[in-house]
Each structure stands twice: as C-alpha cells, then as structure tokens.
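Only this structure's heavy atoms are used, side chains among them; waters, hydrogens and symmetry mates stay out. Just so we're on the same page: letters track the sequence lines, and every chain starts at 1.
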There are 2 protein chains.
Amino acid sequence: MHMPTLRQLQFFDALARTGSFSRAAETCHVTQPTLSAAIKELEALLQVQLVEREARGASLTHAGEEVAARARTVLAETQDLVAAAHEAGKPLSSAFRLGAIPTVAPYVLPKILPKLREAYPDLKLYLREDMTERLLEGVRARELDAALIALPWDAPGIETEPLAEDEFLFIAPKSHPLAAKNGLDPEDLAEADVLLLEDGHCLRDHALSVCSLPTRAKSTEVSATSLQTLVHMVAGGLGVSLVPRLAADAGVTAGTDVSLRPFTHPLIGRTIGLAWRAGSPRKGEARLIGEVVRESLKGGLVPV
Amino acid sequence: MHMPTLRQLQFFDALARTGSFSRAAETCHVTQPTLSAAIKELEALLQVQLVEREARGASLTHAGEEVAARARTVLAETQDLVAAAHEAGKPLSSAFRLGAIPTVAPYVLPKILPKLREAYPDLKLYLREDMTERLLEGVRARELDAALIALPWDAPGIETEPLAEDEFLFIAPKSHPLAAKNGLDPEDLAEADVLLLEDGHCLRDHALSVCSLPTRAKSTEVSATSLQTLVHMVAGGLGVSLVPRLAADAGVTAGTDVSLRPFTHPLIGRTIGLAWRAGSPRKGEARLIGEVVRESLKGGLVPV
DNA sequence: ATGAGGTATAGATTATCTCTATGCATATGC
DNA sequence: GCATATGCATAGAGATAATCTATACCTCAT
C-alpha cells in the first residue's frame, strides 16, 4: 500500500495551521515551491483535493480537514515514539519539562535539583510554576512531561503517583490564645480568623476542607499570594493559618515571630504526588524523577 | 525536531515481525543492504540500539520492542489517514471488505449487489461469510471494513447501526398440529420439537430465547448447518422451527411442502444491523452501504 | 576445515528533494 | 484604470539521499 511521507504530513499540517502556502513553508524552513510541490504530490497520492487555492492564501476542503486531524495524531505519535526510544535508551538524558504548584515548588525543587544533576548529568530540566489546573493542561497538551501537584486530583487522561504525605501545621501569632492551647484540633479553627491563599491554589481548598466550611465563607477580604506572604500576614496579627510541613521544614517561618504547632490527631494534610499524561512516552522518566523527590522528602515528610 | 521516516518504521516493523534482516527486506521488496542501512540510520536517529544482531537473525532489545509497538500504531493510523482521505474524496470507489453472517448473507447480498454496482460503479466489494464473533474479530483487526450482523451485540471497539427488524416466522410440516392452530404464540413452541442451527449461529440463540429455554435444553442431537438445511429437515418431518422473514421472503421454503405462519403478537424477531470498528476511517462508507441495505429491505422487513 | 546462512560495507547508479528564477492570477492602492 | 503587491504554480538545475550490485565478514553446523 502506498503511503504518504511524514514530511508531507508535516508540510500539510503547517499548511492547515497557517492557511497559507508561503507561511507554512516558512515554519517548515523550506521554500514555498518545495511545499507546494509536496502538497500537490500528497493530493495526487490520496486522490483527493485537500486545499482550495484562493487568491489570498488557501483553505481546507472537507477531506483536507479530515486528513489534517489525522495527520496531527500521526505526527504526535511519531514524536512519542522518538521520545519513548530515547527514554528506553538512556533515561533523563535530554530535556525534561517539569511543572510544580506554587506551594510545593520553592520547597521541593531546591532539594531535588542537586540530586538530579548528580544522578542524571545530561538532564536539562525546564521548570514551570503554576496552579494545578494549568499545569495539567500543559501536561495534556504535551507542553510538560510531568507535574508535581497535590493529590487526589481527578483529571481524565492524567495518571498520578503519590510521593509523600505533607502534614498541615497550625500557625498563629505568639500572643494568640490558640498558640498555647493544649491538644490542638481542626475544630478549633472554626472560631478563628483563618487566612487563606488566593483563589486557585489547591492549598486554599485543602485548608477550607480542614475547617469544614464552604469555600467562600472564610476571610474573603484578605488572601495571600504566597505562603511566604501568608506567614507575614499571620506574624502581623491579621489571623491564623495552616502551613504544610514541607514549607515549615524549609524555613518559611524563619525570621518571623510566630507560633508553629502540629495538630494532635488525626494527621491532617495533603498528599504530594506526580502527574503525567496517560500513555506518555516519558512515564518511566517521570517515575525516576518521582523517586528522587520521594527520597528527598524522606527526612521530614511521611513517604507513600 | 528530527523525525524518522515512515519508510524506516515500515522496515523496522517488518524486521520486528520476521526477526531477520533478509526476510524483512524481502517482505518490503528491497534488498537486504538497503534495509540494514535504514535500520542503522533509525538507530542513529533515536540514539538507541533497537536490535541485537545475532548469528542467526536478529532479536529486539527492550527499546526495540517499545519502538516496534509504537511504530505499528503510527503505521496503522497512517493507513487510516489514507483510507479516510479516499473516502472523503469519492466514497466507495475502491476495495471495500464486507462481512455478513450466514443467516443474512444469502438473502441480502443478492439484493444489494446490483444496487451497489449501479450507485458505485468503481466499488470493488469483497465479501466474507462467517459467524458474528469471527466477523467482528476481522473488523477489529482491520481485515474487514464492516459487517452485517444481528443486533444487539456487545463488543468493545465496535460501533453498530440498526437497519431493519426481521420478524421470526413459524415453520412446520403441513401435517403438524401447530400448522393449523389459531393465534400462534411463542409459548406453543415449548411443547414442540424445535430444530435449531448449529452452535455458533446467533440465530440459534435468538430462537432459543424465543422459546424461553436454556441454551442446551432443546434438540441437541440434531442441528442444521444452514437455514436451507433446516427447512428441509422440517419438511422431512423432523420437527418445527423458526425462519426469519428475510429468508422466507427470499424463498427459502420454495419447493418444499411446509407451513409458514407468523406469530400473532408481539412481533418477535431480530434486528439486522451493520457493524464497524470504532474510529474506522471508512465509517461513512459503511453507512452508505447500510443505507443501500435498508433501502433493499424496505419491502418485506420493517426498517429502523 | 568448509560450506551455508545471515549481516555489514563499499561504490555506482538512480531517484527525489530542494533550491532559484520566473510566470500567472487576483486583490489593493493611487 | 493602471500599477503594484501578494501569493501560488511551474521549470530547470543542483544537491541529497535512497537503492542496488558486489563482496567481505562472521557464526554455526557438518
């Protein structure tokens, strides 16, 4: 059976995206006649007209749309093949794009980067800090190879692996009544002024669920943009809050005069985990990175 | 990003299947050095060793297995792309492989073939008669583009469309008591000697469910290999049976001296439908064929 | 040892891909 | 209304890469 060339499909994909022979040729780094000829040949091979040549550029026919969509998946899967081969050959020896949520990134990345550098000297790690939803969008869109997030997080087409339990600690001004109370319980928070992170941070939702309150009930007026800010606000006497042990151990309260105390029991907190696209060719490499993270967090956090 | 060639993937797929450079070269209709060079280049591109060159042929490395699997899906989807383009351009203008179950094929195909020939003169229709399960296996394996079966039939990865309701008629020797009974009801069959088709025919299961009896309870000693045989057995006085209207209208009882009567109510029967692989590029063409079948059956059967 | 089966290498040939240069059609500006 | 700009097609030359034949090399079996 006669088959098109991947090159032809690449050209046609570019043509479909740009809607112009010349611009498509540019993005493919070939001249316009080259691309024109290739498309013509593709049409001859498929025995269908794929594009309408118009005065100003080109538009796809119905068949063209169909072929363009299929071409995209073929190209994507070929890239996956290359990535998978590379992973199988020598894992973590090229570019890897890792995302992390803001309440994890500053406290985990400094720990793992040296270890990764040592274990995988050829690894070029690109980092992106963003909130869970946007990270997972990136993962799905193949812009990220994996993401450090808080589990559980249900998302179709995403696979996850838990790495460590991250306990929530209570934080309050030294003068606050709860700072001295014996046997600290989550229910004690019901009465207090609980400060939260901005909307979109999953830690905000976790904190709210700990307080057993609806999402918008608490302190909507003030919310912090980062854990560091949150600590400063607590230190300034604006209220109390929760801080994950991960951040506390990393010294997020250093230099401030706040009381930091664990809850008695049960252990309340979140699960730090790694997420990747289901069927990703770099799943194995993601797990390797997860292993390094797990190892790095072993000191303070409870591994899973 | 650098990509392999589809040709290279084809070569590698052949190598993976045959386990030999020379035999792979043969199946690809190139010489062995050509294929060897292509594989070498592919390995260089992916920066992984894909095959272990052994004294007697070659075996895949772990990376090779991974790449081979992915190469197969890429190649399959590229073929789908070609088929889809072809369908979009001029539907039913090349080879189409249609399956049909034995209790449908002889009565439907003669009706639709002339119509198809007229409507789609370029169509080259390849036919295969087999039982449902094997047909659907073929559909899944891309050996068949569609299959005429009796619905409902649950199968993962298969999509179906109902075409017509095919009522069951009662058939008995003229002398049989039930041949003259007023108001024929399925329950009347409980007392009778019901003849069935061989195991594997879905019509056998349908008939049994009409009789409201467990699969093996009835006449296990004798079973017919075809509807024609079944009719002859009934004519010979071996028992009674059910015949779909489709076959009756086509004259399956012609030349035999049997009584053929409808049941009073409710209408009992089966649904004739078309099945194709989910995501098949030829889904549209399958539907076109389904339309012809529906049209052809309009006379006697109840269209859906 | 020697031959058979199977893969790698070398060099020549051929096919193809890509480029530059140019022509043609259609819309835009003066 | 004519000139001009934009965008695609075509032609021919040159560079590249694919494929072939011929042959060397290796391993196993007899």
Return the value, rounded to whole Å, for the distance between atom CG of Leu15(B) and atom C1' of dG6(C). 12 Å

Provide, to the nearest angstrom, the distance between the CZ atom belonging to Arg7(B) and the C1' atom belonging to dA15(C). 12 Å

Rounding to a whole Å, what distance do you find between Gln10(B):CD and dT19(D):P? 10 Å

Grab the CG-P distance between Leu6(B) and dA18(D) for me, whole Å please. 13 Å

Whole angstrom is fine here: how far is it from CD in Glu26(A) over to P in dC19(C)? 13 Å

Could you check whether Lys298(B) pairs with Glu295(B) (Lys NZ or Arg NE/NH1/NH2 to Asp/Glu carboxylate O, under 4.0 Å)? yes

Without decimals, in angstroms, what is the distance between Glu52(B) CD and dG6(C) P? 18 Å

Arg23(A) side-chain N/O to dG7(D) phosphate OP1/OP2 under 4.0 Å: yes

Roughly how many Å is it from CD1 in Ile39(A) to P in dT18(C), rounded to a whole number? 12 Å

Does the distance from a Lys or Arg side-chain N to an Asp or Glu carboxylate O, for Glu66(A) and Arg70(A), drop under 4.0 Å? yes

When the nearest nucleotide of DNA chain D is assigned to Pro33(B) and to Glu41(B) on a heavy-atom basis, which residue is associated with the more 5' position? Glu41(B)

Starting at atom CZ of Phe12(A), determine the distance to atom P of dC8(D), rounded to an integer number of angstrom. 14 Å

For Gln32(B) and His29(B), find the nucleotide of DNA chain D closest to each by heavy atoms; which residue's nucleotide sits nearer the 5' end? His29(B)

Is the distance from OP1 or OP2 of dG6(C) to the nearest side-chain N or O of Arg53(B) less than 4.0 Å? no

For dT7(C), does either OP1 or OP2 sit under 4.0 Å from a side-chain N or O belonging to Lys40(B)? no

Taking atom CG of Leu125(B) and atom CD1 of Ile289(B), what is their separation to the nearest 0.5 Å? 5.5 Å

Could you check whether Arg294(A) pairs with Glu291(A) (Lys NZ or Arg NE/NH1/NH2 to Asp/Glu carboxylate O, under 4.0 Å)? yes

Contact class for Ser36(A) vs. all strands (heavy atom < 4.0 Å): base, sugar-phosphate, or nothing? sugar-phosphate

For a quick test of reading the model, state the closest non-hydrogen atom pair linking Ala16(A) to Leu60(A) and the distance between them. CB-CD1, 3.6 Å

Residue Thr34(B), side-chain heavy atoms: nucleotide from dA8(C), dC19(C), dT19(D) that is nearest: dT19(D)

Using a cut-off of 4.0 Å on non-hydrogen atoms, how would the nucleic acid contact of Ser22(B) be classed: base, sugar-phosphate, or nothing? sugar-phosphate

